Every structure is written in structure tokens, then in C-alpha cells.
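A quick write-up on the structure given underneath.
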Amino acid sequence: MTTNKHVLEFVEKYTKHFQPDNVVWIDASEEQKEELTNQAVATGEVIKLDSKLLPGCLYHRTHPNDVARVEHRTFICSRDKENCGPTNNWMAPSEAYKLLDEISYGAMKGRTMYVIPFSMGKIGSPFAKYGIELTDSIYVVLNMMIMTRVSPKVFDELGDSDDFVRGIHSKVELDEEKRYICQFPEDNVIYSINSGYGGNVLLGKKCFALRIASYQGWKEGWMAEHMLILGIEKPNGEIRYVTGAFPSACGKTNLAMLIPPKVYTEKGYKVWTVGDDIAWIRKGKDSMLYAVNPENGFFGVAPGTNMKSNPNALISTQKGTIFTNVVLDAKTNTVWWEGIKEPAPTGDKVFDWKGNPWFEGKTDEKGNVIKGAHPNSRFTSPAINCPSISSEFENPSGVPISAIIFGGRRAKAAPLVYQSRDWEHGVFVGSIMASETTAAAAGKVGVVRHDPMAMLPFCGYHMGDYFKHWLDMGKTVENKPLIFNVNWFRTDDEGNFIWPGFGDNMRVLDWIIRRCEGEVDAVETPIGFLPKPEDINLEGLEDFTIDQLKTILDVDKDTWIKEAENITEFYTKFGDKLPNELVKQLEILKENLK
Ligand code: OXD
Ligand code: MN
């Protein structure tokens, strides 16, 4: 398939290492896809779903110990420990290669090794970066064919070049004690073993498009961010693009595919989806920042996705999709998850994500309800399935960004929306993001942690340098995006969400766009500019009053004084690498709160 000697050497080296029975080069042809699917069906690795109800769809279960990203087993193996920074785990590259080689030596005996040439970004576009993933999992191959552009054309683009990311994956024995997800930024290498969960093994996604790419972007003058990209079409046909950084499982996919409320659609507003998880950002025309989505599909969280919360996502899953760890109804060969629709399927052929017979309300021996789908169960769907996919999705130059939104899951503290005073303050706002943890990563759920720019688990270098890079990128463009922070998750004393969220988030996007166009003024507060309550359009919103809105537009000084103390402590981690601009911004915040 190629004569590129770097590629051939790489494949040969790991063929010797893993000792597979066969090596198969992936050309992503329909015949090959069909053949691989049939093989995976024969071994039980995947189950074919009903060809009429869910054409081209497959079902898969991961090992029960392997259902989320494992941040404590994820390492940045930079040559110098200092470059990994205080927020990542570090291992010396030589030590890491040795350890991983030892654990995975001969791991593919009796298996096939697949060689996947893939592109992040449209092949041949200025944003595109190429990779080769080696894997012993057909599930990985089939997912990569949805999530990235898998094609032998990658070799044509590469020519003789050595400029590709080497992705090495083996399930080995799925031993969680020997699970390692290692990134070697200076070597362009990712080495992932003992896992079969998407976020750990679809190496184009978090490992490449964020961890390695953030490092590449730092060196090459661009940015790789954990951000959705959406376009808001106004009644006059103009489209404004917004990117949004939110931690995992905080609604990026829902926001990216938002359907505006009737009061907006009637006037002609539309929302277009460019990306739901990752944005690569570069300086472009008109001295603006431009963003592309380097992925080709969605790896979305299933539970809670339904025709009301996100019809565009649900429709995207109706063909060519791989479902992982949801409920299987083996009688109809369809899937179900909590929140998709009531009632759950019944009968003796309904199985939960672990493969056990299941019915809604089933409890364990302690009386706890057993969920049918894992809270981090997923769908992998082609982006072209999405009814709201933007016509600019494939634009090789990306889309111009008018606004950047940061947002976390905060029961208190952060108001519904506020705007930073300028770029520098905006970088500060991103750097102080905090959010309650979710099921997307192994560990405790619901604990507030600092997650700057939603990149805490994904930044491939020192986060102090990352902040500096953000500050520098602002200097490269005159027409900078305005920077905002949102919080859809404020709760009342009973713990209920106050803001209706979902499609109604359009009302906040509308304010953001009107701010970008200079059409509406705002109130200056210690933390930035807040909307006047009457400027958030509540028309047509039932059961929600302006008084409720006011409760989520407040900036409680005592809460923020505590927040400033937490930020001070968090910032000490970065030592000398914390840019002075951010120190100054923290002082301004404290001063404003006096
Ligand atoms: C994801 C994640 O899968 O952030 O997008 O975990
Ligand atoms: Mn994500």
C-alpha cells in the first residue's frame, strides 16, 4: 500500500514485537469493512442490529473493568519531566517504552494486527495531520473508520515523509493493573495497552487530536482544543461561528446539535453543527481565528440522549452506528438506554451492558437499582448522518470564530453567562474553569475540580506553557473572538436544575452573538460583563420567570471570594510557569471583590 520507508519500518518493528499471526492493511473499502464486520460477528465481538430499524449498526460491550478513560493511568512521556507539567502523570520515555514493551511483547500471537492509515482533518487540507494506528481490535478498526478519515490516500499525501503519528494499540489481556495510555509528544508516538474503551484506544481522538496535537500546536503556532464548533444562522442568512469548551459529558454534543426554540425557528434562526468535541484553531483570513473539527464522527454519551434532548444526535445514530455498553433487546435486535424513551424493552431477551438478563427496576442484592446502560455508554456515528451538519464541515480552511465559550458543571458560583473584559481576561476565565466530575473518566463522580479550558486530562505539555500559548495566540489576530463563560447547571436548594437548558440555551447564544455584534450592552460586575436580565429572551418559555433568571445571573461576593482563594491555591501548582498576565487578572478579581 506504501513504499514510505518510515511507515514500513514502523510496521515491521511492531510486527516483530507483537508477533501477530497476520498483518492486515486497512483500505476502508466496503468489502473490507463487510469482511471485518462478519469476522467480528463470528467471534461475538460485535452483534449486528436489525438491518431495517438500524441499518449498518453494530452492538459491542467492553470488558466491565474498561468503561471509561483512565486518567490515573494516562502518561505524558516528555523527555524532560518539566515539560509534562504538574497536571499530568509523567514517565521517562525510555522507562515507558521498556515497560510497555515488556507487558505487550508477543501480545498478538494468535491475533491479527491491523494497520490503519488515517487523517485528522480533511485529507490534503492545511489543517490535516496523519497517523497510522496499529491495533489487534476489529472494534477499533470499525470505530476509526467512523471517527477519522481512514484511507490509503493518507500514504499519497505522506509521500516519503516521516511526519505522521505512530499509534500503537493492543488489548493485551485487558488487565486494568497493566493498562497504560502513554503519549510521547517529542516522538509523535502513542502507545496504549490493556484497554478496549474508545477514549483510550481510538488513538486519533483524545491521544492524538488533543494530547499530541496540543503539543504540535504549541510548537507550530496553532491550538488543539476540547471544543465543539457550531454555526448560528440569523434570519438574514448570516452565520456566526462559536466554539465551546466543556468538560467530558457536560453537554457539548447537545449544544453542538441544538434545535432552537420555536420563537427562534419561526424567525428563521438555525444552528449548524461543525464539531462536538475537538477544534483545531489557526490564524486565518481577515486576521481572525479559524476552527476545524478534525474528526469525522461523534463518539457521544448515550444515556439521556432522546428526541427531546437531542433529536439530531438520536437521528445520527439510526444508521452506520456502533453502540457500546447500552441495553440490547436481542428479540428485536435494537438498543435502549436510560432516558431514550419509556418504557424500557421487556422480555427474556433483554440484556444490560454487562450481558446479564435485565428489566427496568431490577435491583441488586443490596436493593440498588441496576442501570441497563452504563452511564458512560456511547454511540459512534458518522458526522454526515447528522441533520444539522454544517455545509462547512469539510471546508479545508475552517470557519471564522466570533466567540469562544467556556463552561462547567457548577451547582453554585458561576452565573448562567458572563463575558470577559478582553482576551487576557478571557484566558483567565478559561484557566479558572472548574466542574463536577462525570462518568466519562474512571473515578468519583460529582467532585468539583479545576479543569482549565476543559483540557485538564488532554493537555500534552506543561499547562503553564499552555496558558502562555493562549495569551500569545490572542496577539496573532486583530479580530479576536470574544470570550464568555456559561453554566447551565445551577441548582436550587433541592438540587433541581434552575435553567431549562438544551434548546433553550439558544437564548444565551443569542445574547452572546448580540454582544459580538455590539447590539446589546451589559452590566459590569467583579467577574466580567453580565446580561441585563431583560436582554435574555424568555419569550415562549413556560414555567420560567425573570425572577428565576435573576437568581442565576447573580454574582455572590462571598462565594467568589472563596473561589478566588481556591484559584490562588490552584495557581501555585504552576510555579514560575504561570504567566504574569494571569497573576495580574487574579489580583484584579480580588480587588474587584473588595
Ligand atoms: C469524550 C470525553 O469521549 O471527553 O469526548 O471523554
Ligand atoms: Mn470529550
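Bear in mind the structure is a predicted one, so any value in this text is a computation, not a measurement. Counting convention: from 1, in listed order, for ligands and their atoms alike. Index from 1, following the sequence.
The Mn ion (ligand 2) has an N, O or S atom of K206 under 2.8 Å away, backbone or side chain.
The atom name of the N/O/S atom in D277 closest to the Mn ion (ligand 2) is OD1. Note on H226: its N/O/S atom closest to the Mn ion (ligand 2) is NE2.
Between the side chain of T438 and the main chain of S248, a donor-acceptor pair closer than 3.5 Å is present. A distance-only check finds a donor-acceptor pair linking the side chain of S104 to the backbone of L100 [under 3.5 Å]. W280 places no side-chain N or O within donor-acceptor distance of the main-chain N or O of A128, the cut-off being under 3.5 Å.
The aromatic ring centroids of W470 and F406 lie less than 6.0 Å from each other.
Residues Y571 and S431 approach most closely at OH-OG, 2.5 Å, considering heavy atoms.
Taking the six-membered ring for Trp and thresholds of 30 and 60 degrees, Y461 and Y466 have ring planes more than 60 degrees apart, a perpendicular arrangement.
Protein neighbours of ligand 1 below 4.0 Å, counting non-hydrogen atoms: R69, K205, K206, H226, S248, D277, F299, R378, A440, F458.
A 6.0 Å sphere centred on CD of Q318 holds more than 12 heavy atoms belonging to other residues, nucleotides or ligands.
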